[in-house]
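Working notes for the structure below.
Proteins get letters first, then strands, A, B, ... in listed order; numbering begins at 1 in each.
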Amino acid sequence: MNRRDLLRLVGATAAGAGLLALVPSFLRGKRGNGGDSQDKDGDTLQEEPEKVSQPERSSSSTGARIEARYYRKGKNDSVHCDLCFHRCHVSSGSAGFCRNRINVEGTLRNTVYNMPSAVAVEPTEKEPMHHFLPGTNMLCIGTASCNFRCRFCHNWHLSQRSIEQVRRRRTHTPGDLVRIAKSREVPAVSFTYNEPTVFYEYMYDVAVKAKKDGLRTIMHSNGGIESQPLQDLLAHIDAATIDLKAFSQEFYRNICEARLEPVLETLKAIKENGTWLEIVNLVLPGHNDEPAQIREMCEWIRTELGPDVPLHFSRFFPTYRMTSLSPTPVSTLERCRTIALEEGLHFVSIGNVPGHEANSSFCPGCKARIIHRVQYTVSEINLKDGACTSCGRQIPGIWK
Amino acid sequence: MTKIGLRDLPSIATSKSEKGPTDRARNQPAPTSRSKSDRAVLAAILLVGSGGMIGQLLLIRVLMVVFHGNELTLGIVIACWLLFEGAGSYLGGRLASPDRSVFRLFVFLLLLFSLALPAVIVLAHWLGGSHLGLVAGQDMGLGYVVLTAVATIGVTGILHGILYPLSANLLGGNEPASQVSLAYLIEIVGAVAGSLVFVFILATRATALSISLGLLVLHLLIVTWLLLSVADKARPGRAWLTAAVSAMLALVASFFFAGHLQDFSLSRLWPQGRLVENINSPHGNIAVLERDSEHTVLYDGRPIITLPHPDTGSLKDYAWLSALSHPNPADVLVLGGGLGGLVSHLLEHPVENLTYTELDPRLLEVLANLESPTVQAEFTSPRISIVARDGRLYLHRSEARFDLVVIGLVDVQTLQTNRFYTEEFFRMVRDRMRPGGVMAMSLPGSVTYLEGVLAALNACLFQTASLVFEHVMLVPGDKNMILASNEPIKLDSREAARRLEERGLYGGMFSERYLAYRLEPQRIFEFTSIVEETSARPNRDFRPVGFFLGLGYWGSAFAPQALEAVSTLRSIPLPWYGIAFLFLIGVSYFFLFRSRSARANRLTFTISTTGVAAMAFDVFVLLAFQSLFGDIYQLTGLFIAACMLGMFMGGAIALRHTRQAADTLTIASLLFRLDVAIALFLVGFLPLVYLLGAMMGLPFSHFLGATLAAAYAFVTGALAGAQYPLAVALMPEPWKSTAGRMAGRLYTADLLGGFAGGVLITLLLFPILGLAWTLLLLFIVKLATSVLLLLDRRMLQATDA
């Protein structure tokens, strides 16, 4: 390299350094004119914005990683989780399939305890839950993540993320949540939005506290929970809405990365326990709407759970990763309902079709409309002490 | 080593593998067959250009439906084409060594390319359906998109890429530089013709498989001609001929079954319903699927309307809350995405006149044919006026004033739709509103979640609206809703209930309880605080941050790992970037000044940055015209054709110049001047945009604007096209003596530059930096190559001295 080359190299380096100095301003845009408030990279794609407002927090406590329940210690600091059907073997430093249970040096810890990412008051009908205090609201609680990977998840923003990715979480102890429910004058708390099994310890403690303070408790679950934790939980749960996503192992495996059998076991366990149970079947055209499959499912429900378990057929609309699947034809939903009624189920409704007659509930005896609903709005209740005002037939459910 | 000329073609065909009679053929080429072969080779190279262009446009269209296209997937598709075309070109350059016959390879690849086209269309449909882990109705994630693009447009791109250097070799002659430039120019002519034929004739009239099968037949004809023209009449060329004609006949027969093949192929893509309609409008693909008496209209593969039972829950919610935000919405404007439910629900309120704009008139035809009561009522209502025009253009030209302007249910993921969410557009809306008028828009949302990229997107549009309107309100929901007005917006549950009572609409879904839930003050307060406090830049026409965030939101569902990677990149300390930058400078210095191929590298680098600039010219002309006038679909072909025509003219003039001027210094000077001119034209784009904007109010503004934009595309194309033959003429040995290798190298550089320009400008630079900064950055890059060329010229001068 001669002198001229050296000078050229120095010149190039200086030019490079000069350009480098421009990089931050290019990345952040113009400063000065618009003030600092517009220059903090709000249009970046990162999922965790650096500057966010903090929602209302409880001053009484902070979130903590508490030790999880239902697990066994294994060799080399590994653990076996017994909470759900995945029965994860979690090595030290790793998380289970649900993302929420982490093995910290041989101890399985729940990372979402006290950290709900969504707390809101919503209509009970939205669960859906039709035979449980109709026309009331409930305090809905959710955290993050799930033990399923449904490609059509409506709440994917929460359920398909870990708690670390959900920065805007609150910090609320079970006591805080019960106080909020009381202050909002709702009769029940509901564990919903994301799968409550993945925040089991938190759900359990909130349920215990809520029951103690005279509130009702509901859970909306995918049913993918093991028997023992479920039995322990049901002692503190009044009602459960379970998603029976399809009556097909293939559907569960291919679309939800889950299994059907544990869900069926959960349904039976809830029914046997005496907890009020309702079932939701989201009908995806071409995936779980075969009449034979629907008939088989309804037959199973009638035989194993009884004809009084309400069944809701819900209309699918494109969402999350299934945005190119057509919405469910209403006639498909009506056919499903007809099959269910033919199979002897007493309470079969159609959801996500506002204004459809089958939004409402009907007396299986005299066929009179006992609860008139349009979407989540209840406009008429023809029940007296849980009996049909038309024929006097007792309608199962929790009405008071 | 013998130089191969066009007149030697008969001998090329047989020179390597055949003996005896071949020698006679080589020695006794008939004069008549020479001119025939000249024409056949010319036709074949034209076909390489036109076939490649039609194939590219066709596959882009098919893949846009398979991927439910946004600009990100479009960028990936174009990137795949250019990358693989570049790789093919490089490979072709290596194959086209002068000591081997390329004729057979050329013919074989030409046929293979034409056969591959229909095959990859079927493959794309198959991959887009329920295969390889995807289920019917599931959108492809980023990985699948890349995989599918590689398997389809990538494969055809590499085949096509090899053809160009081979065709340069095939042209023959004793001047490799002339061969390369001539092949380049002929191919451009073919590409221009191909793009015009596709855009103005084929795109809306024929299905993808019909076009590809037609192209196959055309290839077979040209190949047959080529073989005929070079074959000795007494020689086994006849066998080739017979085989080709037989194959052609078979394929002509299959062409008549193209419709059946198309149906079969689309049934793989959409197994969830029976296809009852599939048309290609100038704006996109419209398909109608039927299942259990329900019709779903898909636009570019995405469901937009379902009839006879639309998504009443969300449509009524959006329509009624919009209507309830105004005390008396007498005159309403709905901009796109409104037929099939939204308009009907708005008309349930005491609306006197509702104007609805729809960009795609073919969509109106399809909806009318569905005979759904909902749509029929919308079409026949005396209170509605349907305007088949871009909503933004309508708003610009209309003198009407409105009480309520509802932006239809369109997402922000494309630059086309982002135009309805920019500050400039909001100002246009504000100027067309009566006092107290309200503008309503719907955004991605969740009733439980608002953070990350979703919060950033909502914040961006909320804050953009706040720049224009004095009062902006967010209504959280499964889809968030933003209302904006210059008067206070009175929309709480009590007022809404009162207005409903007043309009005789209270009851049903809209009860007091529902309103209390939807308009819960605490949730509104909390979510509004989030969008107010999340920092965001305003969304502007020429800095479409909303589009960038819309893509990010798509990525959060389909490519969360990619987003995490972006976050990781951002967390790397700045000094590391500095070190990487200096390393890059060092490497560049070595390649451009110290390496043995330094001179060739400088020229190659210049051509690649010209590729970037040429792509920038194209992209910016299209974006500017789209932002201002909306309708660009057919004009896309016009602008691209103007640009390519410019490239041809510039290239032809430059080629003549290189033949006349033997002095390399003169050529180097010209190359330098052209480079500076390209740099200046980059910054000169800004005045053009303002000129186009100023034209909007004039009569024939559309025509005048299109002419000006086409002229700009032509001139910039000429500048870019002229550089290629000059660079070719300046290439040193050993590239200078090998047409194929030289063509492969420079063409690859050109394509890679185009690829980098297309992807970086559309997806990153333009949305984040905005037009002015992007142009400035490109200006600096191009100026750097100008400096490089100046140094190169001085070095040449020193060598000569």
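Contact detail for B:Val135 and A:His287: the closest heavy-atom pair is CB-CE1, 3.8 Å. The minimum heavy-atom distance linking A:Thr124 with B:Arg513 is given by the pair N-NH2, 3.7 Å. Taking every heavy atom of both residues into account, B:Leu289 and A:Ser326 meet most closely at CD1-OG, 4.2 Å. Across A:Pro354 and B:Met509, no two heavy atoms sit closer than the pair CB-SD, 3.8 Å. Of all heavy-atom pairs spanning A:His157 and B:Gly445, the tightest one is CE1-O, 3.7 Å.
Within a 6.0 Å sphere centred on CD of A:Glu250, heavy atoms belonging to other residues, nucleotides or ligands number 12 at most. Crowding of A:Gln249 atom CD: a count of heavy atoms from other residues, nucleotides or ligands under 6.0 Å exceeding 12.
In this structure, CZ on B:Phe510 lies 10.0 Å from CD on A:Gln375, to the nearest 0.5 angstrom. Between atom CZ of residue A:Arg184 and atom CD of residue B:Glu520 there is a gap of 4.5 Å, rounded to the nearest 0.5 Å. Atoms CG and CZ, from B:Leu134 and A:Arg151 in turn, are 7.0 Å apart once rounded to the nearest 0.5 Å.
Between chain A and the residues B:His68, B:Lys316, B:Glu532, B:His295, the most heavy-atom pairs under 4.5 angstrom are made by B:His68. In terms of heavy-atom pairs under 4.5 Å with chain A, the best-connected choice from B:Ser314, B:Ala516, B:Ser511 is B:Ser511. Ranked by heavy-atom pairs under 4.5 Å with chain B, the list A:Lys126, A:His372, A:His356 is led by A:Lys126. The candidate from B:Val447, B:Leu298, B:Thr296, B:Leu584 with the greatest count of non-hydrogen atom pairs under 4.5 Å with chain A is B:Thr296. Interface check for chain A: of the options B:Asp311, B:Leu765, B:Thr306, the most heavy-atom pairs under 4.5 Å are formed by B:Asp311. Chain B forms more heavy-atom pairs under 4.5 Å with one residue of A:Ser379, A:Cys140, A:Gly355, A:Ser331 than with any other, namely A:Ser331. Per-residue counts of heavy-atom pairs under 4.5 Å with chain A were compared for B:Ser446, B:Gly508, B:Ser293; the largest is that of B:Gly508.
Heavy-atom distances place the side chain of A:His154, and not its backbone, under 4.5 Å from chain B. Looking at B:Ala557, both its backbone and its side chain come within 4.5 Å of chain A, counting heavy atoms on both sides. With a threshold of 4.5 angstrom between heavy atoms, A:Gln160 does not approach chain B through any atom at all. For A:Asn155, the part sitting under 4.5 Å from any heavy atom of chain B is the side chain, from C-beta outward, and nothing else. Looking at B:Asp478, only its side chain comes within 4.5 Å of chain A, counting heavy atoms on both sides. Contacts between B:Pro560 and chain A at a heavy-atom distance below 4.5 Å involve the side chain alone, from C-beta outward. If you measure heavy-atom distances from A:Arg373 to chain B, you find no contacts under 4.5 Å at all. In this structure, chain B has a heavy atom under 4.5 Å from the backbone of A:Thr136, while its side chain stays farther away. For a residue to count as touching a neighbouring chain, one of its non-hydrogen atoms must lie under 4.5 Å from one of that chain's; by this rule B:Thr448 touches chain A with backbone and side chain alike. B:His309 touches chain A through backbone and side chain together, each having a heavy atom under 4.5 Å away. For B:Glu512, no part sits under 4.5 Å from any heavy atom of chain A, backbone or side chain. Contacts between A:Thr332 and chain B at a heavy-atom distance below 4.5 Å involve backbone atoms as well as side-chain atoms. Contacts of A:Val378 with chain B are made by both backbone and side-chain atoms, with heavy-atom separations under 4.5 Å.
A salt bridge between B:Glu451 and A:Arg161 is absent, with no side-chain N of the basic residue lying under 4.0 Å from a carboxylate O of the acidic one. In this structure, B:Arg291 pairs ionically with A:Asp289, as a charged nitrogen and a carboxylate oxygen lie closer than 4.0 Å.
Between B:Gln138 and A:Asn254, every side-chain heavy-atom pair lies at or beyond the 4.5 Å cut-off. Using a 4.5 Å heavy-atom threshold, the side chains of B:Asp292 and A:Arg335 count as touching. Side-chain atoms of B:Arg523 and A:Val121, non-hydrogen and from C-beta on, never get closer than 4.5 Å to each other. Between A:Val353 and B:Thr312 there is no side-chain heavy-atom pair separated by less than 4.5 Å.
Close approach to chain B, defined as a heavy atom under 4.5 Å from one of its heavy atoms, is seen in A:Arg315, A:Phe317, A:Pro318, A:Tyr320, A:Arg321, A:Met322, A:Thr323, A:Ser324, A:Leu325 of residues 313-325 of chain A, taken by number.
A donor-acceptor distance shorter than 3.5 angstrom exists from the side chain of B:Glu294 to the backbone of A:Val330, with no hydrogens or angles considered.
Using a 30° and 60° split on the angle between ring planes, A:Tyr376 and B:Tyr517 fall in the perpendicular class, above 60°.
In this structure, B:Tyr553 has its ring center closer than 6.0 angstrom to the ring center of A:Trp156.
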